[in-house]
K.L.:
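Sending over a structure as structure tokens; questions will come in a sec.
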Amino acid sequence: MTAFTVALVLVVAAAGLLRWRRPAWYWLAFGVTLAALRVLVRYRSVMDACGLTVPPTRWRLSLARATNRPIPEPRPPRIRRLRPTRTGLVLRLKLRPGQDVFDIAAASDRLRHSFSMFGVTSREVRSGVVEVRMTGYDVLKRVQMPAETETRAMRVPVALREDGSVHYRDYRAIPHALTLGATESGKSVYQRNLVAGLAPLDVALVGIDCKQGVELFPLARRFSALADSPDTAAELLDALVARMADVYRLIRTQQRSTVDVPDAEIAADIWDLPDELRPTPVVVLVDEVAELALYATKEEEKRRDRIITALVRLAQLGRAAGIYLEICGQRFGSELGKGITMLRAQLTGRTAHRLNDETSANMAFGDIAPDAVLAAIQIPAELRGLAIAGDASGGWHRIRAPHTSLRQAVNLCNRYADRAPDLPELAPFRPTTGTATELVPSAKASPATA
């Protein structure tokens, strides 16, 4: 009995230590089993208390009366599958007649308390089937990306969502995006993760960094073109517009829209072209958009209009030509001048880190997800890297990118420097670098996001 007591005390102490220092290990070792049992045991009573049951059907009531049996109890949604994950549980439910997916979403907070989970989110899989994702601990406190992620052309993992799933930046689904964040909000780390994810791919990176290049020029070996001033940025954007026109001419000549060609083979963008003819896709990263929109003289105003016009044209027409925009900034509002609102309307993806004012949050989410505006302005200053990500569909998530130091990003860009394509249109803007620098071992990355 004494040996059993000592072993039990050691197990409880180990579980407490893991829960404090390594919540992910605790979840995999103890939490997932306890949580699954808790959900299965409490399921019917919790669903009844949350109003997620339906009364018995008439034929069941008639059958009970005919056979002199007790009246059947209300029925909750049927559990079709309970799947444990590295961060929580995934519960797939079959809704009863008369239930709606919004009923589950409205009861998410009550389900979280009832099942003693950290977070509960839901989504509709198909008509009548809802997937409820429950997280067992705060996955955004120490961001740990899964060892394996889905790989696809122009789709890179950049952050972790609050439900434990991976947040991807899919350029073919969402061609252009806006990223906002105040100083020390984690916006630069998010941008480094984007570059780190794109570096191994066959894509041309183009950077515009009007802070004298302090953010993007350390990564210059992987970039095909860089601009560090508004004047150079205007010329670079004009070159991209000219490249876009050349790509459209190529698509037009290879369109193959004759009667004997199947519909699936008619070329409408670069991804419909044969591999040997397909131009290299281009991702344009603008580090601080406000520096391109501000002006003080008449000459600077003309340059500003030229820049904004080029950005709007690329946002409206660049997708089919394989040109994708990543617009970043600390502030994004209508006071930046004409054309800014038109540019925002073309930026489908929206990511907002901590913001200093509600106006910027409204510019990011006011037209697509008003409830995300409140979430964006409530991000605390100490949680650097925490962001709200949404798109034009109205859905949004809390995300946090893993910490990637500048040294780690530089090493990665140097490693894949040979993948930076030489584009003739952008040759004048190719960054000049010295001899290849040797990779410097970086310190072990902190799990917390900077």
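None of these values were measured; they are calculated from a predicted model.
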K.L.:
Any side-chain heavy atom of K187 sitting closer than 4.5 Å to one from T179?
P.N.:
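Counting from C-beta outward, K187 and T179 do come under 4.5 Å.
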K.L.:
Does Q316 CD have over 12 foreign heavy atoms under 6.0 Å away?
P.N.:
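Yes, CD of Q316 has more than 12 neighbouring heavy atoms, counting only those of other groups under 6.0 Å.
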K.L.:
Can you list every pair that meets salt bridge (charged side-chain N to carboxylate O under 4.0 Å, His left out) and has a residue in residues 116-130, with sequence neighbours left out?
P.N.:
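The answer is R123-E131.
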K.L.:
Can you list everything that forms a salt bridge (charged side-chain N to carboxylate O under 4.0 Å, His left out) with K211? Sequence neighbours excluded, please.
P.N.:
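Partners of K211 under the salt bridge (charged side-chain N to carboxylate O under 4.0 Å, His left out) test: E215, D287.
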K.L.:
Excluding sequence neighbours, so at least two apart, what forms side chain to side chain contact (heavy atoms under 4.5 Å, CB included) with P200?
P.N.:
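Side chain to side chain contact (heavy atoms under 4.5 Å, CB included) list for P200, sorted by chain: Y416.
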K.L.:
Going by salt bridge (charged side-chain N to carboxylate O under 4.0 Å, His left out), name the residues that satisfy it together with D275, two or more places apart in sequence or in a different chain.
P.N.:
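For D275 the salt bridge (charged side-chain N to carboxylate O under 4.0 Å, His left out) partners, ignoring immediate neighbours, are R278.
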K.L.:
Could you tabulate the donor-acceptor pairs under 3.5 Å formed by side-chain atoms of residues 7-17, not counting sequence neighbours?
P.N.:
none

K.L.:
Less than 4.5 Å apart, any side-chain heavy atom of M244 and any of V247?
P.N.:
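They are not in side-chain contact.
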K.L.:
Do Q330 and S185 touch side chain to side chain, with heavy atoms closer than 4.5 Å?
P.N.:
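The answer is no; the side chains never approach within 4.5 Å.
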K.L.:
Would you give the length of the straight line joining atom CE of M117 to atom OG of S108, rounded to the nearest 0.5 angstrom?
P.N.:
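Those atoms lie 12.5 Å apart.
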K.L.:
Could you pull out all residues at least two apart from R110 that satisfy side chain to side chain contact (heavy atoms under 4.5 Å, CB included)?
P.N.:
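R110: side chain to side chain contact (heavy atoms under 4.5 Å, CB included) contacts with C50, A107.
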K.L.:
Using only atom types and a distance under 3.5 Å, with no angle test, would you say the side chain of H403 pairs donor to acceptor with the backbone of V189?
P.N.:
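No, H403 side chain to V189 backbone: no donor-acceptor pair under 3.5 Å.
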K.L.:
So, taking the atom named OH in Y43 and the one named CG in L82, what distance separates them when rounded to the nearest 0.5 Å?
P.N.:
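It is 10.5 Å, given to the nearest 0.5 Å.
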K.L.:
Write out all pairs satisfying side-chain hydrogen bond (donor to acceptor under 3.5 Å, both in side chains) with one or both partners inside residues 156-177, taking only residues at least two apart or from two chains.
P.N.:
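Qualifying pairs, neighbours excluded: R161-H167, R161-H397, D163-S165, R169-E326, Y171-E326.
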K.L.:
For a 4.5 angstrom cut-off between non-hydrogen side-chain atoms, does I388 reach R354?
P.N.:
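No, side chains not in contact.
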K.L.:
My understanding is that only residues two or more places apart in sequence, or in another chain, count here; which of them pass side chain to side chain contact (heavy atoms under 4.5 Å, CB included) with V130?
P.N.:
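So V130 forms a side chain to side chain contact (heavy atoms under 4.5 Å, CB included) with L95, V101, I104, S122, V132.
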K.L.:
Can you list everything that forms a salt bridge (charged side-chain N to carboxylate O under 4.0 Å, His left out) with D138? Sequence neighbours excluded, please.
P.N.:
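So D138 forms no salt bridge (charged side-chain N to carboxylate O under 4.0 Å, His left out) with any residue.
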K.L.:
Are any of the side-chain heavy atoms of W271 and M154 separated by less than 4.5 Å?
P.N.:
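Yes - at least one pair of side-chain heavy atoms lies under 4.5 Å apart.
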K.L.:
Going by heavy atoms in the side chains, are P380 and L383 under 4.5 Å from each other?
P.N.:
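SC-SC contact between P380 and L383 confirmed.
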K.L.:
Step by step, work out the side-chain hydrogen bond (donor to acceptor under 3.5 Å, both in side chains) result for R331 and S360.
P.N.:
CA-CA 6 Å; R331 182 78 172 85; S360 293; 3.0 Å; yes
K.L.:
Out of curiosity, T348 OG1 to R319 CZ, how far, rounded to the nearest 0.5 Å?
P.N.:
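Reported value, rounded in 0.5 Å steps: 10.5 Å.
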K.L.:
Among all residues two or more places apart in sequence or in another chain, which pass the side chain to side chain contact (heavy atoms under 4.5 Å, CB included) test with D202?
P.N.:
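With neighbours one apart ignored, the set is R419.
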K.L.:
Does A417 offer a backbone N or O that forms a donor-acceptor pair with the side chain of R221 under 3.5 Å?
P.N.:
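No, the answer is negative, given that no donor and acceptor are paired below the 3.5 Å cut-off.
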K.L.:
Please list all pairs passing the salt bridge (charged side-chain N to carboxylate O under 4.0 Å, His left out) test where one or both residues lie in residues 75-85, with sequence neighbours left out.
P.N.:
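Every pair satisfying salt bridge (charged side-chain N to carboxylate O under 4.0 Å, His left out) with a residue in residues 75-85: there are none.
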K.L.:
List for me each residue that meets salt bridge (charged side-chain N to carboxylate O under 4.0 Å, His left out) alongside E288, sequence neighbours excluded, and say none if there are none.
P.N.:
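Partners of E288 under the salt bridge (charged side-chain N to carboxylate O under 4.0 Å, His left out) test: none.
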K.L.:
Are L205 and L226 side-chain neighbours, meaning at least one heavy-atom pair lies under 4.5 Å?
P.N.:
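No, too far: nothing below the 4.5 Å cut-off.
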K.L.:
With rounding to the nearest 0.5 Å, note down the distance linking CG in D209 to CG in L216.
P.N.:
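Output value for this atom pair is 4.5 Å.
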